[in-house]
Peer 1: 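Would you mind keeping the following structure in view while I ask a few things?
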Amino acid sequence: MASSRSIAITYVPADCGSVIPGKSKSPQAFRDVNIVSRLRAAGIPQILEYHALEEPVTFSLVPLRSGKVRNEDLNVSVCERVKSTVLTALSAPTSRPAFQIILGGECCMLPGILEATWQHVAPKRVGLLYIDADTDLSSPTDADSTGNFAGMNMTHLVRHPGALESMNQFSQPNGAPVCDASNTVLFGTNMSLPGNKREHFAYLFDNNYKVVTSASIARNPEQRAKEALKFLEEKVDTIMLHLDVDAIDPQTFPLANVPNFTGVRFEQMMVALAVFLGSDKVGGLTVAEVNPDHDPGLEMTEQLTTEVIRMLAARVENMREHTQFG
């Protein structure tokens with residue numbers, strides 16, 4: 001997916017995958033800090049907007065059945081709507097496929113995003129840079145399962161044991177899982193987080209997944225990002241970039257739905273993000289787990305928006321230079 005001067009923004013106002021409300025307000029928060037007009041002012045010539053959901057989809061406390069998660073049907077339907085909307089955005093009549101920005105909401109919308117991307121670029125290969133402090137390899141079959149869909153994101157992407165059968169529909173065109181060790185990098189994993197269990201790490205390491213820890217990013221974010229990007233660029237044609245803001249330490253930037261003490265400052269994560277967004281192979285960015293209830297004046301949302309716009313404007317400028325002198 002070559003660089004494009006167009007941007008398609010998909011809004012996904014959902015917080016149906018976990019018990020803390022607020023994430024469904026995230027898309028509106030980005031609109032309230034004027035992301036679209038600021039993108040235009042930064043020199044992005046064409047911006048398309050899409051709404052995956054007609055209204056916010058929120059969590060409800062329903063009985064938890066053994067081996068299941070709460071609000072399963074609701075969460076699956078959100079993924080289905082996201083897949084359909086992103087496919088539409090990818091097929092928009094622009095000179096090149098627009099750079100995709102998906103603003104949530106839930107991290108667990110990612111299976112729908114990735115299936116849409118696989119379908120659009122087939123037979124080419126899609127990769128995932130998964131910036132997240134959590135491994136997200138939970139399962140309702142775990143003895144201590146919370147029943148929260150959001151903790152199963154990677155479980156569904158790789159079809160780890162315990163994945164819900166209802167989520168198997170989100171796949172590559174050949175029916176295989178959208179992610180495996182050959183096309184996935186976990187970036188920012190917090191090794192000391194109790195929710196990241198030894199058996200999760202064992203699965204990742206035994207199956208040769210590339211895992212970049214939060215501690216290593218805090219020491220050298222640019223180098224770790226370059227290594228992760230190089231790993232994927234050699235293996236895939238298009239890369240989707242997922243930013244779960246809980247990968248940023250909450251001591252100075254508590255925007256995430258659930259705090260996660262990773263030791264990675266906001267400025268350090270932006271250094272890594274700039275490396276990723278500088279690649280022509282990166283075709284889209286998902287921003288998830290932003291909870292505006294933690295950001296009453298939207299100062300952190302605006303700070304994040306400013307940085308992302310700066311990076312996207314640099315992409316467009318680089319493309320102009322290549323067109324002029326190439």
Peer 1: Going by salt bridge (Lys or Arg N to Asp or Glu O under 4.0 Å), name the residues that satisfy it together with Asp144, two or more places apart in sequence or in a different chain.
Peer 2: Lys197
Peer 1: Is there a donor in the side chain of Gln303 and an acceptor in the side chain of Glu299, or the other way round, less than 3.5 Å apart?
Peer 2: no
Peer 1: Flag yes if more than 12 heavy atoms outside Glu199 fall under 6.0 Å of its CD atom; otherwise flag no.
Peer 2: yes
Peer 1: Is there a side-chain contact between Phe261 and Gln251 in this structure, where contact means two heavy atoms from C-beta onward sitting under 4.5 Å apart?
Peer 2: yes
Peer 1: For Thr58 and Ser24, work out which heavy atoms get closest and say how close.
Peer 2: CG2-OG, 3.9 Å
Peer 1: Could you see if Leu74 belongs to whatever hydrophobic cluster contains Val76? Use Ile, Leu, Val, Met, Phe, Trp, Tyr and a side-chain cutoff under 4.5 Å.
Peer 2: no
Peer 1: Does Lys83 pair with Glu80 as a salt bridge, N-O distance under 4.0 Å?
Peer 2: no
Peer 1: So, does Asp134 use its side chain to make a donor-acceptor pair with the main chain of Asp136 at under 3.5 Å?
Peer 2: no
Peer 1: Quick check: closest heavy atoms across Leu90 and Ala116, and the distance to 0.1 Å?
Peer 2: CD1-O, 3.8 Å
Peer 1: State the OG-CZ distance between Ser60 and Arg70, to the nearest 0.5 angstrom.
Peer 2: 9.5 Å
Peer 1: Mind telling me whether His160 and Tyr203 have parallel, tilted or perpendicular rings, with 30° and 60° as the class edges?
Peer 2: perpendicular
Peer 1: Side-chain contact test, heavy atoms from C-beta onward, threshold under 4.5 Å: evaluate it for Glu227 versus Val212 and give yes or no.
Peer 2: no
Peer 1: Check whether the side chains of Thr306 and Arg38 place a donor and an acceptor atom closer than 3.5 Å, and report yes or no.
Peer 2: yes
Peer 1: Hey, any chance Leu277 and Ile101 share a hydrophobic cluster, counting ILVMFWY side chains that come within less than 4.5 Å of each other, even indirectly?
Peer 2: yes
Peer 1: Cluster question for you: counting only ILVMFWY and a side-chain heavy-atom cut-off of under 4.5 Å, with indirect links fine, are Val82 and Leu48 together?
Peer 2: no
Peer 1: Where the side chain of Glu289 meets the backbone of Cys107, is there a donor-acceptor pair that is under 3.5 Å apart?
Peer 2: yes
Peer 1: Using distance alone, with no hydrogens and no angle criterion, decide if Asn196 and Thr135 have a side-chain donor and acceptor under 3.5 Å apart.
Peer 2: yes
Peer 1: Other residues, nucleotides and ligands only: do more than 12 of their heavy atoms fall within 6.0 Å of NZ on Lys230?
Peer 2: no
Peer 1: Hey, are the side chains of Asn183 and Lys235 touching, using non-hydrogen atoms and a 4.5 Å cut-off?
Peer 2: no
Peer 1: For Glu72, run the side-chain contact (heavy atoms from CB on, under 4.5 Å) check against Cys16, Ser166, Pro140 and tell me which one passes.
Peer 2: Ser166
Peer 1: Kindly indicate whether the side chain of Leu232, heavy atoms from C-beta on, has any atom under 4.5 Å from the side chain of Lys210.
Peer 2: no
Peer 1: Without hydrogens or angle criteria, can the side chains of Asp132 and Tyr130 be said to hold a donor-acceptor pair below 3.5 Å?
Peer 2: yes
Peer 1: Could you go through the side-chain contact (heavy atoms from CB on, under 4.5 Å) check for Phe30 and Leu304 one step at a time?
Peer 2: CA-CA 9 Å; Phe30 283 103; Leu304 177 58; 4.2 Å; yes
Peer 1: Taking the six-membered ring for Trp, are His156 and Phe170 ring centroids under 6.0 Å apart?
Peer 2: no
Peer 1: With a 4.5 Å heavy-atom cut-off, do Phe149 and Glu106 have their side chains touching?
Peer 2: no
Peer 1: Side chains of Val126 and Leu114: does their closest heavy-atom pair fall under 4.5 Å?
Peer 2: yes
Peer 1: For Arg81, enumerate each residue passing the salt bridge (Lys or Arg N to Asp or Glu O under 4.0 Å) test, keeping only those at least two apart in sequence or located in another chain.
Peer 2: none
Peer 1: Distance check, rounded to the nearest 0.5 Å: Ile20 atom CD1 versus Asn257 atom CG?
Peer 2: 5.0 Å
Peer 1: Do you know which two heavy atoms are closest between Pro27 and Gly105, and how far apart they sit?
Peer 2: CD-N, 4.4 Å
Peer 1: Mind checking side chain to side chain contact (heavy atoms under 4.5 Å, CB included) for Ile47 and listing every partner two or more places apart, or none if nothing turns up?
Peer 2: Ile9, Val36, Leu39, Arg40, Ile44
Peer 1: Flag the pair Leu186 / Met154 as yes when at least one side-chain heavy-atom distance between them is below 4.5 Å, and no otherwise.
Peer 2: yes
Peer 1: Distance check, rounded to the nearest 0.5 Å: Ile131 atom CD1 versus Phe276 atom CZ?
Peer 2: 5.0 Å
Peer 1: Any non-hydrogen side-chain atom of Pro21 less than 4.5 Å from a side-chain atom of Phe59?
Peer 2: no
Peer 1: Once you round to the nearest 0.5 Å, how far does CG of Asp249 lie from CG of Asn260?
Peer 2: 8.5 Å
